[in-house]
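Below: one structure, written as structure tokens.
Bear in mind that the values here come from a model prediction, so they are computed numbers and not experimental data. Each ligand, and each atom within it, is numbered from 1 in the order the structure gives. For the single chain, residues carry numbers from 1 onward in sequence order.
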Amino acid sequence: MACQARIGRSENTETMANQDEFFKKVVAHAKEYGFIFPSSEIYDGLAAVYDYGQLGVELKNNIKQAWWKAMVQMHENIVGLDSAIFMHPRIWKASGHVDAFNDPLIDNKDSKKRYRADVLIEDHIAKIEEKIEKECEKAHKRFGESFDRQQFVTTNARVLEHQKQIDEIHERYAELMNANDLDGLKQLILDLGIVCPISGTRNWTDVRQFNLMFATKMGSVIDDSDTLYLRPETAQGIFVNFLNVQKSGRMKIPFGIAQIGKAFRNEIVARQFIFRMREFEQMEMQFFVRPGTELEWFKHWKEERLQWHLSFGIPADCYRYHDHEKLAHYANAATDIEFRFPFGFKELEGIHSRTDFDLSRHSEFSGKKLQYFDPELNESYTPYVIETSIGVDRTFLAIFSHALKEETLEDGSTRTVLSLPNKLAPYKAAVLPLVKKDGLPEKAREIQHLLMPDMMMQYDEKDAIGRRYRRQDAIGTPFCITVDNDSIVDRDAEGRANDNYGTVTVRHRDTMQQERVSIDQLPAYLKAKL
Ligand code: ATP
């Protein structure tokens with residue numbers, strides 16, 4: 001099965017061919033079914049802030065639980081933390097965020113719209129990548145099964161020309177970013193002929209730096225020294241608690257500290273729904289290792305994190321690594337795991353080898369020694385750190401958009417189905433009495449209460465059964481349990497025994513296949529499937 005967002009599944013190519021159209025459907029579906037609402041909507045919303053509705057909060061919690069289980073529960077040397085959002089202001093000086101957590105911004109003088117200079121250039125590169133993709137798709141159609149992508153992209157003249165352009169832009173762009181050369185960035189935008197998507201002109205301002213942290217005040221006395229920042233990442237809460245956790249937990253290196261929490265960034269261009277928000281949630285893990293072993297651990301976490309993504313059953317070609325050309329001055333390796341969102345490949349998770357930068361800086365700024373005594377080496381040192389950092393909301397968007405499909409059925413009708421991984425689905429099963437009489441609702445309620453302690457359940461008795469199935473398909477419920485007369489009547493009118501007595505129909509969301517399962521067996525049956 002190929003990645004949906006790129007080529008669409010067969011049923012999607014007809015109805016959701018256009019990626020923009022598809023993305024609009026994702027946003028509309030999320031709202032219509034109570035997954036995600038614009039924040040403060042009755043006051044016309046607040047830019048790039050969203051609220052998770054009754055189903056969204058379930059899916060989001062399930063994603064967080066899956067991450068926590070994989071990182072904390074399944075690793076005896078990783079423990080959790082829940083540090084405060086407010087932290088001492090010097091932390092952000094030490095971490096470098098006060099001085100360097102900037103994005104280069106540029107305005108278009110005609111549309112008055114503001115952009116991130118680096119994103120304009122990356123989008124330009126993505127457009128050239130799309131051209132390569134189109135060439136590949138055309139060739140694939142022409143050559144059919146015998147198409148060899150690797151051979152094609154290394155020999156086709158048009159593809160090679162596009163690739164050359166990309167490499168040249170990348171090289172120049174990386175040099176400019178590394179040198180923090182803002183004039184050079186503007187020149188690159190002009191040279192590439194990048195136009196404002198709104199005004200269509202190249203009438204750009206100079207590029208300026210813009211700090212992304214939100215500042216606020218603490219306490220009743222207002223003066224400069226009270227300025228606090230809403231944390232732009234959760235990681236610093238982990239670094240400043242390194243010794244607390246290490247000592248109280250008697251942790252031995254290598255070990256990790258994991259945390260899930262809110263982060264805030266005053267993003268210049270907040271768009272693409274929950275992909276780039278001003279208030280969002282991160283799941284971060286800092287893994288402390290012996291200096292000199294960090295690149296092995298970096299490789300380890302790079303692979304392990306990709307496996308976590310693949311464990312949801314989404315095809316591997318929806319993911320790719322993007323190794324950083326521009327390394328932060330403190331990092332000695334960094335990669336992104338990118339996902340093919342409906343608007344192209346974009347960062348989903350970052351894995352960074354951060355050396356001893358963070359602990360050393362906090363030692364320097366706090367005056368407290370943040371070191372580890374290694375009993376095997378009989379020496380103290382500042383541990384090196386591998387960080388894995390992933391956005392909850394981006395993971396939500398990746399999984400949700402990949403799951404949403406419109407299918408044409410054999411009878412020509414269509415259905416919208418959200419094929420979420422079973423373990424992430426908000427409701428695991430819905431109990432549906434076939435009709436609203438003859439004791440069926442009572443039996444259905446009994447089954448609902450039987451299963452409720454183990455899983456999130458829905459009960460629905462309104463409308464024809466087909467419509468109820470469609471409603472559950474649209475919210476991603478993997479199983480519908482239908483209670484009919486056979487479930488409750490042990491003998492027919494002639495007194496013959498009913499073989500289906502005490503059973504229900506279980507309908508599977510993705511295949512729409514149905515099977516009879518005994519009510520007694522239901523808890524074990526569903527648990528095994530989930
Ligand atoms: P980008 O380049 O897309 O701005 P970043 O490199 O600044 O992302 P990191 O600082 O590495 O991102 O943050 C780690 C993760 O947090 C990202 O991979 C992403 O999943 C998530 N994230 C970062 N910024 C946002 C945001 N504004 N909205 C939603 N998620 C975000």
Side-chain angles (χ1 to χ4, degrees), residues 36 39 46-52 56 60 63-64 67 92 95-97 100-105 115-123 125-126 173-174 177 209-214 230-239 258-286 301-302 305-306 308-309 319-328 330-331 333-341 343-354 358 385-401:
I36 298 171
S39 160
L46 186 64
V49 187
Y50 289 90
D51 296 338
Y52 285 83
K60 196 179 184 205
I63 290 171
K64 290 195 272 185
W67 183 86
W92 304 111
S95 68
H97 283 83
F101 192 51
N102 300 318
D103 274 343
L105 70 82
Y115 299 91
R116 260 173 67 177
D118 55 332
V119 171
L120 283 179
I121 295 165
E122 275 164 16
D123 284 352
I125 293 172
Y173 166 60
M177 291 293 277
Q209 292 289 20
F210 175 78
N211 192 289
L212 300 184
M213 282 198 296
F214 283 100
L230 296 186
R231 65 180 180 199
E233 61 177 29
T234 61
Q236 299 305 322
I238 296 180
F239 294 126
Q259 146 149 274
I260 300 178
K262 288 268 181 163
F264 305 83
R265 295 183 188 179
N266 198 0
E267 298 282 1
I268 298 167
V269 189
R271 53 178 182 164
Q272 290 159 335
F273 194 35
I274 55 169
F275 179 81
R276 191 174 298 289
M277 300 155 90
R278 297 204 163 100
E279 173 180 342
F280 58 101
E281 221 167 340
Q282 289 184 315
M283 306 188 279
E284 295 197 295
M285 193 276 298
Q286 311 294 326
W301 281 111
K302 193 174 155 176
R305 290 304 306 144
L306 183 61
W308 182 79
H309 291 281
Y319 298 91
R320 72 178 185 196
Y321 290 120
H322 172 230
D323 294 329
H324 285 208
E325 278 133 53
K326 185 200 172 207
L327 284 178
Y330 51 82
T335 197
D336 295 335
I337 295 177
E338 295 187 336
F339 182 77
R340 200 189 285 270
F341 287 97
F343 37 82
F345 265 114
K346 297 272 179 224
E347 174 179 342
L348 177 58
E349 169 157 11
I351 297 133
H352 313 122
S353 173
R354 301 178 64 103
D358 305 273
V385 172
I386 307 300
E387 164 181 83
T388 71
S389 175
I390 173 173
V392 178
D393 314 271
R394 281 190 197 178
T395 310
F396 187 114
L397 183 59
I399 287 170
F400 188 86
S401 58

For this session: Could you tell me which residues satisfy side chain to side chain donor-acceptor pair (under 3.5 Å) with Gln259, sequence neighbours excluded, listed by chain and number?
Result: Ser83

Exercise. Once you round to the nearest 0.5 Å, how far does CZ of Arg305 lie from CE of Met285?
Worked result: 8.0 Å

N/O pairs closer than 3.5 Å, ligand 1 and protein:
residue  : atom   : partner : partner atom : Å
ligand 1 : 3 (O)  : Arg276  : NH2          : 3.0
ligand 1 : 3 (O)  : Arg394  : NH1          : 3.1
ligand 1 : 3 (O)  : Arg394  : NH2          : 3.0
ligand 1 : 4 (O)  : Arg276  : NH1          : 2.7
ligand 1 : 6 (O)  : Glu347  : OE1          : 3.1
ligand 1 : 7 (O)  : Arg265  : NH1          : 3.0
ligand 1 : 10 (O) : Arg265  : NH1          : 3.1
ligand 1 : 10 (O) : Arg265  : NH2          : 2.9
ligand 1 : 11 (O) : Glu347  : OE2          : 3.4
ligand 1 : 13 (O) : Gln282  : NE2          : 3.3
ligand 1 : 16 (O) : Gln282  : NE2          : 3.3
ligand 1 : 18 (O) : Glu347  : OE2          : 2.7
ligand 1 : 18 (O) : Leu348  : O            : 3.3
ligand 1 : 20 (O) : Leu348  : O            : 2.8
ligand 1 : 20 (O) : Gly391  : N            : 2.9
ligand 1 : 24 (N) : Arg265  : NH1          : 3.4
ligand 1 : 27 (N) : Glu267  : OE2          : 2.8
ligand 1 : 27 (N) : Met277  : N            : 3.4
ligand 1 : 27 (N) : Met277  : O            : 2.8
ligand 1 : 28 (N) : Phe275  : O            : 3.4
ligand 1 : 28 (N) : Met277  : N            : 2.9

Exercise. Parallel, tilted or perpendicular for Phe341 and Phe339, by the 30°/60° rule?
Worked result: perpendicular

For this session: With sequence neighbours left out, write down each residue that passes salt bridge (Lys or Arg N to Asp or Glu O under 4.0 Å) with Asp51, or none if nothing qualifies.
Result: none

Exercise. Relative to each other, are the rings of His309 and Tyr319 parallel, tilted or perpendicular (30° and 60° limits)?
Worked result: tilted

Exercise. Quick one: salt bridge (Lys or Arg N to Asp or Glu O under 4.0 Å) partners of Glu338, sequence neighbours excluded?
Worked result: Arg320

